[in-house]
Amino acid sequence: MKKKTMSNSIYKVAIVGATGFTGSELARILCQHPHIEIKYITSESHEGKKFSDLHPQFLGILDKTLASSQVIKDDDMDVIFLALPHGISMDFVKTLASHKAKIIDLSGDFRLKSPEVYEAWYQKQHVFPEGFKNAVYGLPELYVDNIKESRLIANPGCYPTASILSLAPLMANGLIESDSVIIDAKSGLTGAGIKASDTTHFSNVNENFKAYGIGTHRHTVEIEEQLTALGQSDAMVQFTPHLLPVDRGILVTAYTKPKGQMDQEKLEKIYRDFYADKPFVRVREKAPGIKDVRGSHYCDVFPYWDRRTQRIISIAAIDNLLKGAASQAVHNMNLMLGLEEKTGLTQIPLRP
Ligand SMILES: NC(=O)C1=CN([C@@H]2O[C@H](COP(=O)(O)OP(=O)(O)OC[C@H]3O[C@@H](n4cnc5c(N)ncnc54)[C@H](OP(=O)(O)O)[C@@H]3O)[C@@H](O)[C@H]2O)C=CC1
Ligand SMILES: CC(=O)N[C@@H](CCC(=O)OP(=O)(O)O)C(=O)O
């Protein structure tokens with residue numbers, strides 16, 4: 001039995017796709033959350049096994065048996081997390097949309113503004129176009145009020161989370177030339193999911209470092225849409241991701257040209273004012289590294305004015321599995337359930 005806190009409510013949740021990287025991070029956070037009972041953790045490939053057989057770190061902590069995702073369709077859940085590949089999640093949302101449960105989808109299936117844009121960038125037909133009108137983009141630093149009212153959250157991508165937070169204060173104040181945004185991003189290997197592939201094979205990544213998805217990565221449009229929504233007309237983004245030979249973490253370095261006069265003091269004030277009431281974004285005085293945020297729900301940002309080139313360099317670091325996925329999903333859940341937003345999310349970063 002969970003210990004009860006100020007509000008006595010205990011909510012029942014299911015994690016669909018719990019054998020994957022983000023699903024297991026969700027389980028880690030939720031099994032310590034004072035208002036949550038994990039009712040189901042599901043797997044299609046490992047149904048009937050114990051969760052801790054697949055994720056030994058949970059031995060003696062969460063030994064629950066993995067169920068087929070079919071069970072959640074007939075149960076009375078409060079929140080369902082979908083930690084599934086894109087293209088699969090939308091089938092679940094379609095089936096579950098009429099249920100009582102609130103849905104938090106970690107995939108990209110409902111993040112974009114229309115099914116047409118989705119189909120253009122994901123090269124896949126959408127099976128539930130109706131879902132787009134109800135989905136709320138789950139970035140609490142931008143959409144806290146909408147998230148509180150929502151029943152379907154499109155949890156942001158990991159690269160977009162870091163990219164948007166690195167630039168949001170500038171965009172929201174209309175300070176940037178909209179075609180000047182260049183984002184150089186790097187991700188740890190867990191960003192690619194639990195299944196091994198040629199790209200993530202040890203021999204191909206060890207002591208190696210390279211760009212991919214040049215000019216075509218689907219996160220480009222997700223970032224452009226959100227920067228445009230922040231008030232920057234038709235933001236055009238040059239986004240280049242790179243795969244880092246590390247386990248987890250995302251580092252974004254964004255370059256922009258300001259519209260008017262800029263200096264370091266003014267720049268820092270813009271960032272501090274914008275993030276003053278946002279508990280999980282820390283404005284730093286020097287460039288953060290990925291280990292500064294590893295294992296935590298923080299996004300560390302550092303804005304730098306380069307007087308010589310007259311460019312702003314905005315750096316952001318997150319843990320891709322947490323602020324880039326699982327802890328962001330729990331933050332959204334807290335807001336949707338009317339809980340204090342930091343509940344269950346106070347882990348201190350692991351470094352050093
Ligand atoms: N990894 C990251 O850093 C981030 C990931 N995301 C997104 O979150 C989602 C989950 O990512 P991640 O945890 O990395 O992915 P993983 O590949 O690690 O895990 C996905 C899980 O989905 C389950 N699954 C696969 N196919 C099906 C299916 N047809 N029906 C039911 N379940 C299925 C698998 O479990 P089983 O085979 O046991 O059923 C698998 O464990 C993805 O959409 C991803 O793009 C978002 C931000 C960051
Ligand atoms: C390192 C790596 O491979 N990362 C993934 C992005 C992970 C993610 O956030 O993808 P979704 O938008 O699908 O949720 C990629 O580039 O495809």
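Keep in mind that what you see is a predicted model, and the values were worked out from it rather than measured. First listed ligand is number 1; within each ligand, the first listed atom is number 1.
- Around atom 12 (P) of ligand 1, the closest heavy atom drawn from V16, N320, T22 belongs to T22.
- If you look at L243 next to ligand 2, the close heavy atoms, those under 4.0 Å, all belong to the side chain.
- The protein non-hydrogen atom at the shortest distance from atom 31 (C) of ligand 1 is E44 CG, 3.4 Å.
- Contact annotation: for T42 versus ligand 1, there are no heavy atoms closer than 4.0 Å.
- In summary, the atoms of ligand 1 found under 4.0 Å from a heavy atom of L321, numbered by their order in the structure, are 1 (N), 2 (C), 3 (O).
- Using modelled atom types, one side-chain atom of N155 and one backbone atom of A325 make a donor-acceptor pair closer than 3.5 Å.
- The nearest heavy-atom contact from the protein to atom 40 (C) of ligand 1 is T19 OG1, 3.7 Å.
- Formation of a donor-acceptor pair under 3.5 Å by the K94 side chain with backbone atoms of P129 is not found in this model.
- A donor and an acceptor atom, one from each side chain of H331 and E341, are located under 3.5 Å apart.
- Counting heavy atoms of neighbouring residues, nucleotides and ligands inside a 6.0 Å radius, atom CD of Q310 exceeds 12 of them.
- Using bins of under 30°, 30° to 60° and over 60° for the plane-to-plane angle, the ring pair F132/F110 lands in the tilted bin.
- Nearest protein neighbour of atom 15 (O) of ligand 1, counting heavy atoms only, is G193 CA, 4.1 Å.
- For a threshold of 3.5 Å applied to N or O pairs, the pair formed by S43 and ligand 1 contains at least one separation below that value.
- When atom types are taken as modelled, the side chain of H217 and the backbone of T240 share no donor-acceptor pair closer than 3.5 angstrom.
- Summary of contacts: the protein heavy atom closest to atom 2 (C) of ligand 2 is Y212 OH, 3.2 Å.
- For atom 44 (C) of ligand 1, the nearest protein heavy atom lies 4.0 Å or farther away.
- Between R282 and D292 there is no salt bridge, since no side-chain nitrogen of the basic residue lies less than 4.0 Å from a carboxylate oxygen of the acidic one.
- Using a 4.0 Å cut-off between charged nitrogen and carboxylate oxygen, E285 and R272 count as a salt-bridge pair.
- The part of H86 lying near ligand 1 is the backbone, judged by heavy-atom distances below 4.0 Å.
- Annotation: atom 1 (N) of ligand 1 to nearest protein heavy atom, T190 O, 3.0 Å.
- Residue A325 has at least one heavy-atom neighbour below 4.0 Å for each of these atoms of ligand 1: 47 (C), 48 (C).
- With respect to atom 6 (N) of ligand 1, the closest heavy atom belonging to the protein is L106 O, 3.9 Å.
- With hydrogens and angles left out, the side-chain atoms of T190 and D247 include no donor and acceptor closer than 3.5 Å.
- Close N/O approach between I194 and ligand 1 is found [any backbone or side-chain N/O within under 3.5 Å].
- Given atom 37 (O) of ligand 1, the protein heavy atom at minimum distance is S45 OG, 2.4 Å.
- Contact annotation for I88 and ligand 1: only side-chain heavy atoms (C-beta onward) come within less than 4.0 Å of the ligand.
- Side chains of Y271 and S314: a donor-acceptor N/O pair is present below 3.5 angstrom, by distance only.
- The protein non-hydrogen atom at the shortest distance from atom 21 (C) of ligand 1 is A83 O, 3.6 Å.
- The closest protein non-hydrogen atom to atom 19 (O) of ligand 1 is G20 CA, 3.2 Å.
- Close contacts of ligand 2 with G188, meaning ligand atoms under 4.0 Å from a residue heavy atom, involve 1 (C).
- In this structure, the protein non-hydrogen atom closest to atom 9 (O) of ligand 2 is C158 SG, 2.9 Å.
- Listed by atom number, the atoms of ligand 1 under 4.0 Å from G324 heavy atoms are 47 (C), 48 (C).
- Considering H86, R218, R111 only, the shortest heavy-atom separation from atom 10 (O) of ligand 2 involves R218.
- Within ligand 2, the atoms closer than 4.0 Å to a non-hydrogen atom of H219 are 6 (C), 8 (C), 9 (O), 10 (O), 11 (P), 12 (O), numbered from 1 in the order shown.
- Checked for salt-bridge contact, R248 and D319 meet the test: a charged N lies under 4.0 Å from a carboxylate O.
- Ranking protein heavy atoms by distance to atom 15 (C) of ligand 2, first place goes to H217 NE2, 3.4 Å.
- S187 and N320 share no donor-acceptor pair across their side chains, judged by distance under 3.5 Å alone.
- The aromatic rings of Y159 and F239 lie perpendicular to each other, with more than 60° between the two planes, well past the 30° mark.
- Between the side chain of Y275 and the backbone N or O of L165, at least one donor-acceptor pair lies under 3.5 Å.
- Counting the atoms of ligand 2 from 1 in the order shown, those under 4.0 Å from a heavy atom of S187 are 1 (C).
- Distance alone, capped at 3.5 Å, places no donor-acceptor pair between the T220 side chain and the T216 backbone.
- For atom 4 (N) of ligand 2, the candidate residues are G191, G213, P85, S197; the nearest heavy-atom contact is made by G191.
- Any N or O atom pair closer than 3.5 Å counts here, and L84 shares at least one such pair with ligand 1.
- By the neighbour-count criterion of 12 heavy atoms within 6.0 Å, atom CG of D277 is densely surrounded, having more than that number from other residues, nucleotides or ligands.
- With E119 contributing its side chain and H126 its backbone, the two residues share a donor-acceptor pair below 3.5 Å.
- The shortest N or O to N or O distance between G157 and ligand 1 is not under 3.5 Å.
- Residue contact check for ligand 1: S69 places no non-hydrogen atom closer than 4.0 Å to it.
- The pair K100-D78 meets the salt-bridge criterion, since a charged nitrogen lies less than 4.0 angstrom from a carboxylate oxygen.
- Taking any N or O of F21, backbone or side chain, at least one lies under 3.5 Å from an N or O belonging to ligand 1.
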